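All of these numbers come straight from a predicted model, not from anything done at the bench. Numbering starts at 1 and runs along the sequence shown.
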Amino acid sequence: KELLILNELVEAIKNKEFTAYVQPKVELYRGRIYGMEALARWNSPKLGSVSPADFIPIAERAGFIREIDMQILEQILVWMQKRQYNGKKIVPVAVNISPEHFYHPDFIDTLITLVQKYFADPQYIIIEVTESLSLVNIEYAQKMLVRLRSLGFQTSVDDFGIGYSSLSYLQRLKFTEIKIDRSFITKIHEQGTATIVRAILQMAQSLEMTSIAEGIETKEQFELLKQIGCNVAQGYYFFKPMPLEEIDEKEII
C-alpha cells in the first residue's frame, strides 16, 4: 500500500491533485466563527480517496511534504484573494506545516513570496506545526517564531499535551495558539482529564495564547468545555472539514 501511494505521489504533486478543505473553529460562548484550519485532501485518479493519515507520513519520509504544504497554502491564498475582491469577510486560516518543512532554510522566504503574490495580509495566515518540532532544535524554532511574528504571521502548536517537553518549551516558544489534543477531549468527562485541560487553559491564558480544543463530537463535551473555561473549539459537533466552495455557498462566514 505504501509503495502504491509513493509511486503516485510524484504525479499527484505535478498535477496538483491535492485539495484544500477547511474546518471552522467556533467561539463557544458567542457561537461565531473564530477562524479555520486548512486540511489536505487527495483524490487520486488511480487510488481514489487517500487518507491524510496514509499519504502525509509517506510524503514526509520521501521529501515531498513541502510541495504539498505549499499547494494547500496557495489554494487558501487564492480563495482569500477572491473573497477580498468580492468584499466578503475573511477569518484567519491555519495551514499545517510539517516539522521538516518548518526547518527548511528557505521556508520563510518562500512563504513571504507566496503571500505577497496574492496580496494577502499575513495576520490571516496561521502557521500551524505539531508539538514534535520542539524535539528537533528549540533554539532555531525560537528564532523562526520570532521572525514569523515580526512579519505579522500568527503561529499555532497542534496536538498539544502529547509530547514529552510541553511545559519546558512553551514559555520559550511564543505561539499565538495552543491546540489541545483530541485525546484529552474524548476523556473530558473524567475528572483527572478535565483537571489537566483546565490547567492547560489557565497556562495558555497566562502566556497570552489562545487555547483551542480539537475533536469536539458531542454536546456533553461542548458543555463540559464551556464549564471549565474553554473559549474556542473545533470538531464534527460544529462542522466537518469541507471544500472552500462550500464555505462560500453556505455563507458560513
Side-chain angles (χ1 to χ4, degrees), residues 23-37 91-99 102-103 123-218 220-235 237-238:
Q23 186 176 32
K25 305 171 186 175
V26 179
E27 290 186 0
L28 299 189
Y29 292 93
R30 298 182 181 182
R32 67 181 183 182
I33 304 299
Y34 171 83
M36 295 187 292
E37 178 184 4
V91 296
V93 178
V95 179
N96 291 279
I97 301 296
S98 71
F102 182 82
Y103 284 108
Q123 70 172 322
Y124 290 107
I125 299 296
I126 303 172
I127 302 302
E128 184 169 306
V129 292
T130 57
E131 189 177 359
S132 61
L133 78 85
S134 66
L135 305 178
V136 181
N137 187 334
I138 192 169
E139 299 295 338
Y140 188 66
Q142 188 176 30
K143 292 178 182 178
M144 292 282 284
L145 291 173
V146 168
R147 188 179 176 199
L148 285 167
R149 188 166 62 248
S150 71
L151 293 167
F153 293 96
Q154 299 187 61
T155 55
S156 177
V157 57
D158 197 12
D159 301 334
F160 182 79
I162 61 174
Y164 295 101
S165 56
S166 304
L167 297 178
S168 63
Y169 79 76
L170 197 59
Q171 62 180 346
R172 298 179 61 188
L173 301 182
K174 302 298 183 182
F175 291 99
T176 309
E177 293 181 352
I178 297 175
K179 300 189 73 178
I180 304 171
D181 187 71
R182 66 182 63 245
S183 62
F184 291 102
I185 307 308
T186 57
K187 298 179 180 179
I188 193 69
H189 59 281
E190 298 177 3
Q191 183 60 41
T193 303
T195 300
I196 292 172
V197 173
R198 187 181 290 109
I200 294 174
L201 294 171
Q202 293 172 346
M203 179 178 59
Q205 184 177 19
S206 67
L207 294 172
E208 299 182 340
M209 301 177 186
T210 301
S211 50
I212 299 172
E214 294 186 281
I216 313 303
E217 296 184 354
T218 67
E220 179 188 18
Q221 293 169 351
F222 168 70
E223 295 295 346
L224 286 171
L225 283 165
K226 282 181 66 176
Q227 288 176 20
I228 63 176
C230 182
N231 293 324
V232 184
Q234 69 181 98
Y237 180 75
F238 307 107

Derivation of the side-chain contact (heavy atoms from CB on, under 4.5 Å) call for Ile126 and Thr155:
CA-CA 5 Å; Ile126 303 172; Thr155 55; 5.6 Å; no

Before giving the answer on side-chain contact (heavy atoms from CB on, under 4.5 Å), spell out for Thr210 and Phe175 the whole-Å C-alpha distance, their side-chain angles and the decisive distance to 0.1 Å.
CA-CA 9 Å; Thr210 301; Phe175 291 99; over 6 Å; no

With side-chain contact (heavy atoms from CB on, under 4.5 Å) as the test, would you mind laying out the steps for Leu224 and Gln221 before giving the verdict?
CA-CA 5 Å; Leu224 286 171; Gln221 293 169 351; 5.9 Å; no

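Using a 4.5 Å heavy-atom cutoff, the side chains of Ile125 and Pro92 are not in contact. Put simply, the side chain of Met203 does not reach to within 4.5 Å of the side chain of Met209, judged on heavy atoms.
Judged purely by atom type and a 3.5 angstrom limit, Glu128 has no side-chain atom pairing as donor or acceptor with the backbone of Val95. Between the side chain of Tyr29 and the backbone N or O of Lys226 there is at least one donor-acceptor pair closer than 3.5 Å.
The shortest heavy-atom contact between Phe160 and Phe184 is O-CE1, 3.8 Å. Pairing each heavy atom of Leu225 with each of Ala213, the nearest pair is CD1-CB, 3.8 Å. Closest of all the heavy-atom pairs between Ile33 and Pro24 is CD1-CB, 3.8 Å.
Of the charged side-chain nitrogens involved, none lies within less than 4.0 Å of a carboxylate oxygen, so that Glu208 and Lys174 do not count as a salt-bridged pair. Salt bridge present: Glu177 and Lys25 bring a charged side-chain N and a carboxylate O closer than 4.0 Å.
Defined by atom type and a distance below 3.5 Å, a donor-acceptor pair is present between the side-chain atoms of Gln234 and Gln23.
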